[in-house]
Amino acid sequence: MQKQILVTGGTGYIGSHTVVELQNSGFKVVIVDNLSNSEISVLSAIEKISGIRPDFEQFDLSDKTLTDAFFDKYPKIEAIIHFAAFKAVGESVEKPLEYYRNNLNSLMNLLDNMKRCGIAHMVFSSSCTVYGQPDILPVTESTPRKPAESPYGNTKAICEDILRDFCKVNSQTNCIALRYFNPIGAHPSALIGELPLGVPANLVPFITQTAAGLRKELSIFGDDYNTPDGTAIRDYINVVDLAMAHVVAINRLLNNNQKNNFEFFNIGTGQGNSVLQLVKTFIQVTGVNLPYKIVGRRAGDIEKTWADTTLANSELGWKAEKTLEETLLSAWMWEKKIRDIK
């Protein structure tokens with residue numbers, strides 16, 4: 001009997017890649033997405049890759065009435081992977097209330113229904129932003145959380161606190177928070193990838209859109225950081241590697257292998273690369289010219305961070321496999337596919 005998994009935000013960037021890997025691993029998936037930052041055509045792409053079209057319901061999880069009705073309609077859900085959230089750092093600085101309202105209410109509505117319907121397992125999409133600018137690198141799971149640099153980052157920290165408190169008093173509930181570093185790239189089929197609506201909030205879509213001629217030049221936010229080349233450093237992880245971490249986490253929960261009922265893991269490569277390194281690697285692997293300019297720092301950005309992935313490697317048995325070169329090439333293949341560039 002196939003186990004049914006709810007994937008919220010499942011037509012989004014990370015969600016769609018995770019749905020593919022879940023279906024390839026034998027799970028039955030139902031997606032909930034309000035399509036505020038994704039497109040319905042992603043369902044057909046998922047079907048092309050995996051051979052299975054997941055069930056799909058379009059509504060906003062911050063609406064409690066609609067969320068309750070969904071769980072009444074799908075009584076066989078055994079676990080939830082919760083991606084659905086607003087996620088742009090810069091936008092969250094401009095619109096804090098929208099971020100708090102959306103990101104917190106949607107989680108609490110899900111937890112209400114987990115308790116009501118006896119669903120025991122959740123994997124939560126968290127973020128390395130909960131660490132702020134760490135004092136010591138690389139970042140381990142014992143690195144203290146710091147006050148967030150943005151409302152977006154703060155919603156992730158608050159959501160983790162909500163999960164921890166919920167698990168404390170609901171001992172039958174088991175949750176894993178995966179603290180992602182910076183997901184980039186696309187599926188090797190070039191059928192799904194990062195598809196920002198409007199102006200991208202993330203670096204790699206800006207790079208590929210500039211390379212494709214959609215944008216005049218790439219803006220690099222700041223070259224006066226305390227890093228070897230002055231640009232900010234991040235841990236960039238391939239989105240398919242990240243998707244596989246969710247499959248591993250779901251299996252850990254379903255097989256009752258967790259050490260306690262609220263766990264969290266850093267999901268990254270364990271290596272930091274600067275923005276300029278990323279740009280130069282992209283030019284090298286694609287052979288495409290990429291005009292760029294240095295502009296001022298961006299509100300909410302931190303200087304440098306990368307993961308220590310020892311715990312995820314040993315406890316989850318998961319490890320990032322793909323190189324930066326193949327990851328950036330996959331992003332370019334995806335961009336060329338959606339722009340029909342030969």
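The basis for the numbers below is simple: all heavy atoms, side chains too, and nothing from hydrogens, waters or symmetry mates. All values derive from a computational prediction rather than experimental measurement.
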Under 3.5 Å, is there a donor-acceptor pair linking the side chains of [X] and [Y]?
X	Y	answer
T208	R339	no
T269	D235	yes
D229	S274	yes
D308	T140	no
D33	T11	yes
D55	Y74	no
D68	N113	yes
R215	Q209	yes

#### Entry: Intermediate values then yes/no, ring pair (Phe, Tyr, Trp, His ring centres under 6.0 Å), F86 and Y152
CA-CA 8 Å; F86 293 157; Y152 160 73; over 10 Å; no
With a 4.5 Å cut-off on side-chain heavy atoms, are [Y] and [X] touching?
X	Y	value
K28	Q23	no
E263	E141	no
R297	D224	yes
Q284	V279	no

### Message
side-chain contact (heavy atoms from CB on, under 4.5 Å) for K293 and I220? Distances and angles first, verdict last.
### Response
CA-CA 6 Å; K293 66 177 178 182; I220 294 177; over 6 Å; no
### Query
Yes or no on side-chain contact (heavy atoms from CB on, under 4.5 Å) for V199 and F206, after CA distance, side-chain angles and deciding distance?
CA-CA 8 Å; V199 179; F206 251 116; 3.7 Å; yes
### Task
For E194, enumerate each residue passing the salt bridge (Lys or Arg N to Asp or Glu O under 4.0 Å) test, keeping only those at least two apart in sequence or located in another chain.
none
### Query
Which residues satisfy the salt bridge (Lys or Arg N to Asp or Glu O under 4.0 Å) test with K304, sequence neighbours excluded?
none
### Query
With ILVMFWY side chains joined below 4.5 Å, transitively, what does L137's cluster contain besides itself?
V130, Y131, V139, F181, I233, W306
### Query
Pick from N261, L111, N260: which one makes a side-chain contact (heavy atoms from CB on, under 4.5 Å) with C167?
N261
#### Entry: Near-ring test F124/H246, centroid separation under 6.0 angstrom
no
### Message
Classify the ring geometry of Y13 against H17: parallel below 30°, tilted from 30° to 60°, perpendicular beyond 60°.
### Response
perpendicular
### Query
Would you call the rings of Y180 and F83 parallel, tilted or perpendicular, where under 30° means parallel and over 60° means perpendicular?
tilted
### Task
Tell me, with the steps shown, if S44 and R53 meet side chain to side chain donor-acceptor pair (under 3.5 Å).
CA-CA 7 Å; S44 298; R53 191 178 187 88; 3.1 Å; yes
### Task
Answer yes or no: are there more than 12 heavy-atom neighbours, outside K336 itself, under 6.0 Å from its atom NZ?
yes
### Query
Does a salt bridge link E160 with R179, judged by any charged N lying under 4.0 Å from a carboxylate O?
yes
### Task
Report the C-alpha separation of N105 and S62 in whole Å, then their side-chain angles, then the decisive distance to 0.1 Å, and conclude whether the side chain to side chain donor-acceptor pair (under 3.5 Å) test is met.
CA-CA 5 Å; N105 286 347; S62 63; 5.9 Å; no
### Message
Within 45 degrees of the ring normal and closer than 6.0 Å to the centroid, is that where the cationic atom of R164 sits relative to F262?
### Response
no
### Message
I'd like to know whether Y99 forms a side chain to side chain donor-acceptor pair (under 3.5 Å) with E91, so could you lay out the CA-CA distance, the side-chain angles of the two residues, the decisive distance to 0.1 Å, and finally the verdict.
### Response
CA-CA 9 Å; Y99 271 67; E91 183 184 59; 2.5 Å; yes
### Message
Distance check, rounded to the nearest 0.5 Å: M108 atom CE versus L61 atom CG?
### Response
12.5 Å
